[in-house]
Structures are given as structure tokens and as C-alpha cells.
There are 2 protein chains.
Amino acid sequence: MTSAGRQSWRDLRDHIRGRILDQTFRPGDKLPRDEDLAQEFQCARTTVQRAMQALVDDGLVERKRKGGTTVRPDPVTRTTLDIPITRAEIEARGHGYRHHLIDRSTPEAPATIAARFGTPDPGKLLRLRALHLADGQPYVFEDRWVSFDTVPEIAAVDFSQVSSNEWLVRNRPYSRCEVQIYASPCTADEAAIMEVEPGTAMLVLERTTWLDEAPITHVRALHAPGYRLITGEARPGKLAR
Amino acid sequence: MTSAGRQSWRDLRDHIRGRILDQTFRPGDKLPRDEDLAQEFQCARTTVQRAMQALVDDGLVERKRKGGTTVRPDPVTRTTLDIPITRAEIEARGHGYRHHLIDRSTPEAPATIAARFGTPDPGKLLRLRALHLADGQPYVFEDRWVSFDTVPEIAAVDFSQVSSNEWLVRNRPYSRCEVQIYASPCTADEAAIMEVEPGTAMLVLERTTWLDEAPITHVRALHAPGYRLITGEARPGKLAR
DNA sequence: GTTATGAATATGTAGCTACATATAATTGTC
DNA sequence: GACAATTATATGTAGCTACATATTCATAAC
């Protein structure tokens, strides 16, 4: 709450959310119009608007012009997932970071990559396979494809020093990113690299990034057994909101 | 773009984002103050504020009072994950949905559940194990614990008709949710239920939800091989923003 | 030097106004 | 009754103003 009589949009948001949580408003129900809520809460419509937009972003309500505000009938569990640079992640856990470039090649683009990029011809590609280690233990094995067309400078980078993961994130921000998460049994090759038994259940994160329509990179990152992706409320940069 | 001379905060957001993407502003760099940007773009500071907040939400920039706006030095890949009700998910894929309650019991709370709930004593718990089927094929196996203290009505619900997943989501909205995602080899029990070989790599989603401080439920959901969690830009309710 | 104290300043918030825009609801036409 | 045109209305957006609040930076006191 801010000083004295002023209503914060947060207070209003929390109040409405509370009414949704305590079933005063049930899924599908229509909420009062902004102006009525403003009157009820003795605040400006601006404030109601802000509170409502927050609830829309949370996936709790839907708003339509003239149609008014309704509680979403099909509730979803919505969370935010932050995937940091692997080095940062390992160091944040207090482990020593090291990475190792396994190989670097410029093979023909397989159809799967072209499909992921969404282009018929992905052009020349650089393939990098690298291992990230935490305290010397295999942590993440990444199999990456980078578009030479979109990122020509990559030819000159020495990836024995910087990981391609870090270099790309720092030097090639993307405008669109798609992530797929699934479990996969470890192949013999991968098992040798990750120092686990073949067939071990591994968490795989596939990420594809674009700059506008141009594909930047596609990575398939295999995570060591025991790895857990955690999503919470705490979204950096959104904490205080 | 809106009519004629008016600047949309979206235009401004996209412009600034563009400057970050094209490296005009690099990680760690300081952006001009709101007022200067407003002047430069011939718009009100309100508009700059809105655009900036959008960039903060995207995890692209950080803002501090008096400190100004800076491009985030530690870029993260941020995505939004929507986990729908399992029935809705299966039906959206065009499959027939069916679910089967395997068993229902009220055992002592294991320490792991108490730990997840974050309470020393989680109170009396209901345990439900159920299988969701898509076109008759095992799709998700969920092992759920529900707090009787928080959700006493659950004792009376007939879960042979409605899945606990759906009942809870529809009747017990939460205020906080934590998700963990990992890969796990299938145990013999689980393998029998999911009709797969023991040891098969399975994607596991663990969800814990609270209403304020009171724990509602904890689920461990085992997904059939081939299942992929996909996160995209498209966030329902946030599409147009 | 080191630590309080205070002023300066960039962002955060809320209110007001005015108008834009989508769409539900109504009316009119055949 | 079915369909098209029109009106009414709830939300969306942007500008303005005023003040709140958190830091940084500079200054003063020890």
C-alpha cells in the first residue's frame, strides 16, 4: 500500500485475484466493468486497467472490448522459465566451470535442422559439439548448429576459449526463441561423453533462436542425470511487480 | 502503429529492442533517461515507461531508480510455460480422453512431501494415483498428494468421474506454484502402468501449489515417451501484447 | 580516511482527460 | 426469420500533471 488514501493497482489486483481464488468469481464468470470497479474501490479507471492487465498476463482473466472481463474458463498453470548461460548456472551453484569443444564441422544440413529453422534451405551451417563440466564432471553436452548466413562472424571465433553457448548469447541476441523439453535415453556416443551408462534417462532441452526471420542457432542440450529445471515465481526483473 | 502522429509504446519497445539486438546498446550499457527518449521519440514519458516495463518483463533490461536503465549483463533465455489441464491437452490434440483412478489412500506423509510443502507437519493427506489415457494409450501417470487441511471438500469427491487434476484446477485455484522438470528412468511399477519397459526415460513434471501459505497439492506427473513440453512466444492472453 | 547527512535525480505510481477500437446488441431491410 | 447496417459500450491507448520513492552523489562531521 502506498501512502494514505491511494490505491495501488497491486492492491486491486490482489483483491480481484483473491475473489477468483475464493470462488466469488468462478471460471467463466463476468467481472464488473472497469468503471464500476473504479467506483467501488474509489480509484481511477487507469488503476483498474493496470490491475486487470496484470491478471490477463497471469492468465487468470480474459478481456474483450465491449465484451468485458471474464474469468478464464480453462485455467492453465503458467510459469516463467529462465534458462541462464550454462557457465553462469554452474558457477552460481558454486562449482568450477570448464568447457571442452569436442568437434567442429561444416556438414550438410540435415532435414531436421531445416525443419526446426523453418526454412527450406538453411544455408551453410557450422556444427559444434561441446561439453560443459562442473567441477570436472560432465554437466551438459550440447550439439549445436549455427547458421553461417545469419552469423558469419562465427567462423573466426575460437571456441576452445569461449563456449559457443556464451559467445552466441552475448553476441547474437535473438528476437524469437522456441524451447522443447523432453526425456531421452542416452545413446552410446552420448553415454561415452557424459560418462553414464547407455540408455540412461537424460533431460534434453532443444532451443532454436531467430533474429526476425533469420535462424541463428539450434541446440540440443543433454543434461546430466539429476538435473532439474526449476520454475518459480521469482522472475528476475519481475520480482517487485 | 496507431493513427497518424501517435507513438505506440509497442513501437518504442520494438525500436529499443532492435537497438539492443543490433548491438547499438550492448549488455551492461546504460540507456538514455526516459525523458530524453521521450523527447527523441516525440512522445510522453508515460509511453517510454510502458515500453521500458515491457523490456524489463522480457528480461532484456534492468531499471533502478536514479540508477537509470541498463541492458542486462547476464542474458537469460526467458520463456513462458503453460501447463494445461491434461484432459484439455489430450483433446486439443484430437485424441479421445479417458482417465482411470488407480488407487486412493490416506497414508502417513513422507518427509519428501513435507519438504516440498515447506511445512514441518503437512497434516492429513490424501494420495491419489491416476492414469490419463489418450485414445486408450497411457499418456500421463500422476501420483498426487492433497492436503486435507487446505482442501477438506476433497473427501467427498468421486474421482472415478472427474480427474483430481481437473477437479483441483477448477475448484482450488492456487496463489503460488512451483514446477520442477526432470528426466527419470521408469520403475517397474510405473512401467507396468505406463505399458513401457522398465528403465525407459520418462519426462517428469512435479508441481506443488499453495493458497497463500497453505499447501494444496503436490503432483509427480510421468509423461509417456515421446512427450514434449513446448514453450513459445504465443502466450494465450498475452498474444496481442 | 571513514562514516553520517542531505540534496539531486531517474524511475515508479496514480489521477485526470480525450479519443481509438473492437464488438455486442439493436435496429432496419428484404 | 435471416442477414446487413448501425449504434452503444467496455476496454485500449496516449498524453498531461503531480507526487512518491529509491539511490547515487556530494558534502559535512568525526
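Note on naming: letters A, B, ... go to the chains in the order of the sequence lines (proteins, then strands), and numbering restarts at 1 for each one. Only this structure's heavy atoms are used, side chains among them; waters, hydrogens and symmetry mates stay out.
Evaluation of the ring pair (Phe, Tyr, Trp, His ring centres under 6.0 Å) rule for B/His95 yields no partner, not counting sequence neighbours. Under the ring pair (Phe, Tyr, Trp, His ring centres under 6.0 Å) criterion, A/Tyr97 pairs with A/His132, not counting sequence neighbours. In this structure, B/Arg26 has no salt bridge (Lys or Arg N to Asp or Glu O under 4.0 Å) partners at least two apart in sequence or on a different chain. Partners of B/Phe25 under the ring pair (Phe, Tyr, Trp, His ring centres under 6.0 Å) rule, at least two apart in sequence or in another chain, do not exist in this structure. Legend: residues meeting ring pair (Phe, Tyr, Trp, His ring centres under 6.0 Å) with B/Tyr139, ordered by chain and number and at least two apart, are B/Tyr227.
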Can you tabulate the close N/O pairs, meaning under 3.5 Å, that link protein atoms to atoms of nucleotides 7-11 of chain C?
| residue | atom | partner | partner atom | Å |
| --- | --- | --- | --- | --- |
| C/dT9 | O4' | B/Lys66 | NZ | 3.1 |
| C/dA10 | OP2 | B/Arg33 | NE | 3.2 |
| C/dA10 | OP2 | B/Arg33 | NH2 | 3.3 |
| C/dA10 | O5' | B/Arg33 | NE | 3.3 |
| C/dA10 | N3 | B/Lys66 | N | 3.4 |
| C/dT11 | OP1 | B/Asp34 | OD1 | 3.4 |
| C/dT11 | OP1 | B/Thr69 | OG1 | 3.3 |
| C/dT11 | OP2 | B/Asp34 | N | 2.8 |
| C/dT11 | O2 | B/Arg65 | NE | 3.4 |

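Listed pair B/Ser8 / D/dA14 meets the phosphate criterion, a side-chain N or O lying under 4.0 Å from OP1 or OP2.
Between A/Arg13 atom CZ and C/dA14 atom P the separation is 11 Å, expressed in whole Å. Straight-line distance from the CD atom of A/Glu62 to the P atom of C/dA22: 18 Å, rounded to whole Å.
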